[in-house]
4 protein chains.
Amino acid sequence: MNIMAILGSSRRNGNTEYLVDRALSGVAFKKRFLLDYQINPIIDKRHTSEGFSKVDDDYERLFAEFMKQDIIIFATPLYWFGMSGQLKLFFDRWSQYMRDDKYDFKHLMSRKKAYVIVTGDNPNPKIAALPLIQQFQHIFTYTGVQFADYIIGQGNKPEEIKNDSFSLHTATSWNKEFTEVTKLK
Amino acid sequence: MNIMAILGSSRRNGNTEYLVDRALSGVAFKKRFLLDYQINPIIDKRHTSEGFSKVDDDYERLFAEFMKQDIIIFATPLYWFGMSGQLKLFFDRWSQYMRDDKYDFKHLMSRKKAYVIVTGDNPNPKIAALPLIQQFQHIFTYTGVQFADYIIGQGNKPEEIKNDSFSLHTATSWNKEFTEVTKLK
Amino acid sequence: MNIMAILGSSRRNGNTEYLVDRALSGVAFKKRFLLDYQINPIIDKRHTSEGFSKVDDDYERLFAEFMKQDIIIFATPLYWFGMSGQLKLFFDRWSQYMRDDKYDFKHLMSRKKAYVIVTGDNPNPKIAALPLIQQFQHIFTYTGVQFADYIIGQGNKPEEIKNDSFSLHTATSWNKEFTEVTKLK
Amino acid sequence: MNIMAILGSSRRNGNTEYLVDRALSGVAFKKRFLLDYQINPIIDKRHTSEGFSKVDDDYERLFAEFMKQDIIIFATPLYWFGMSGQLKLFFDRWSQYMRDDKYDFKHLMSRKKAYVIVTGDNPNPKIAALPLIQQFQHIFTYTGVQFADYIIGQGNKPEEIKNDSFSLHTATSWNKEFTEVTKLK
């Protein structure tokens, strides 16, 4: 059982990372900060004769690793009522590789399970993040990924998430699940 | 009356541009393709003592021009049930400049009027784009921008939008408005 | 090809009916005002041993007719950011009959095609009605009904819809489709 | 500090009531089941010369009591991806009384605080109930009611909600708040 957390935040040690760490405490997983990767915006070549061309950045390396996972935790602060631009670039490039036979995109995606962590503060993220949760739902329905659960955490300044007992409670319950499934072979 | 269209598409001559051109036919406006600008992801420094640092890219130049506009047309293809990553990066960086006294962000934003053009194809964008329209609504409500209207156009391959008579109809009616308001002075 | 329009409005000759009539001009169809039927709220008996009991109202008569249709136009004013209570009662009672072998609910629903007309005024219904459109989408996805298209019309006082050229344009194009399909045998 | 819970469910002792009772354990509050009231659908007379006419049912009695509350808990099962028809009828009739000087609707509403409890099961209510939460948000924004928090509980058969630790956790934390505010004079 391979687990990866993809963090779309623009800084380390933030509230999203805090929830990721709590959910995965004691569990073996890969933690990938998008800020450590150079990911270029997609150049849409679906309708050109030559098709997509190779892009000289860090994306494919990360994507190849991502495709091998069974469980993904997508974690992002709520920026302007959506996922961070960094994380959006990560999704946009799927369009390039979903057509690449090398990755068997459709089949492998349909076997994945996704968890989403969003944190924000003002206005109330439990309302402000709803379009983003719906966007994730559309993405997962379209690709066949199972949308297991999500947390909308409240916190802005570093550490504030520690006061959000609901988010902590849910992260802890995920931790039990993740501990269970990684015990099994 | 200053009008600017911001195109988040990754290619020229696409369906979003077609609708932009139709809506603004015969009207003086600035047309800005985000693909012509190097825009870096935001590095969140709100909670550091030094604050945001100057970023060496094309963003501030575009942003300064953007702030002078009265009417903005945000145009983006629907990528993974959201705006393009390119356009998201444009919004994310607002967080840096909204705190900058030089720009009087709050006051100037509250005087702007926004129009949104989204195009997509499969699944049906009139459903698939709804979370994105709601995200725009939150952004505009938060900043005080007036959300005048939106078009969800159907089309994937170049030129397909020409078959979407509803979108064309609305673009034409916007054109009348834009022609009117730019005549006044 | 059987077509039925179900009107959830609490008055006749309103804006929703105007759009229904335009969309179905010259086409044979059944027009059903929910205000002509006594429809009781559902009493949930799914978890009782005796199951649902017969309800003494007009619902089943309407429902039986509804099940025979191929195309349904659901038309409702936007009341408090949702469908009218009258129309909601119509949907709620599905829970009773979807378990009734007599109606072959699942199979028959999955062959239907639905169109939705919503009208409202202030605030802007093109934003205010989006949760309702998403609710319809969930209902249709769950039951297998094809969600063909929707109109969000702007108008409050009687006749105001006549100024909403976009809605009229769409209703006219539906009319062409309905005229076509009813010509075929 | 007056607290009222309005239950839109069609049966007693269900999962929504369980959460209501837990959130208000030990707190003085009024509990109102809509199934105990005869509430007629609204007849829209906004655009007639005579205006709304008196309706012979139980609504106004309940409404008058409702207007005296400071905190409202709206509790409903998720029926067809929305609030129950019973609860929708309750909201629809606001349109009649919001224009009635006797009730000072606008002023009194803007002083209320609302909590929402929704329970459902399949499909996953944490996704399926999002349009409903957005509908509540629009209603509260429009009327000036403060939308304090919501719970989306998972459970279908009676008692199943007892397995949803997240909902129980949140209900318990509300209970602390309600206990506090009712202690104050």
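In this text the structure is predicted, and so the values were computed from the model without any measurement.
Counting heavy atoms of neighbouring residues, nucleotides and ligands inside a 6.0 Å radius, atom CZ of R99(B) exceeds 12 of them. Within 6.0 Å of NZ on K30(A) lie no more than 12 heavy atoms contributed by other residues, nucleotides or ligands. When the shell of 6.0 Å around CG of D36(B) is examined, it contains more than 12 heavy atoms from other residues, nucleotides or ligands.
Looking at residues two or more places apart in sequence or on another chain, you find a side chain to side chain donor-acceptor pair (under 3.5 Å) between K102(B) and E60(B).
Rounding to the nearest 0.5 angstrom, the gap separating the NZ atom in K88(B) from the CZ atom in F81(A) is 10.5 Å. Within the model, atoms CG of D44(A) and OG of S84(B) stand 11.0 Å from one another, a figure rounded to the nearest 0.5 Å. In this structure, CH2 on W80(A) lies 9.5 Å from CG on D92(B), to the nearest 0.5 angstrom.
Contacts between residues 123-161 of chain B and chain A, counted as heavy-atom pairs separated by less than 4.5 Å, involve P123(B), I127(B), A128(B), P131(B), Q134(B), Q135(B), H138(B), I139(B), Y142(B), T143(B), N156(B), K157(B), P158(B).
Ranked by heavy-atom pairs under 4.5 Å with chain B, the list I42(A), L89(A), L34(A) is led by I42(A).
Proximity to chain A (any heavy atom under 4.5 Å) is restricted, for N122(B), to the backbone atoms N, CA, C and O.
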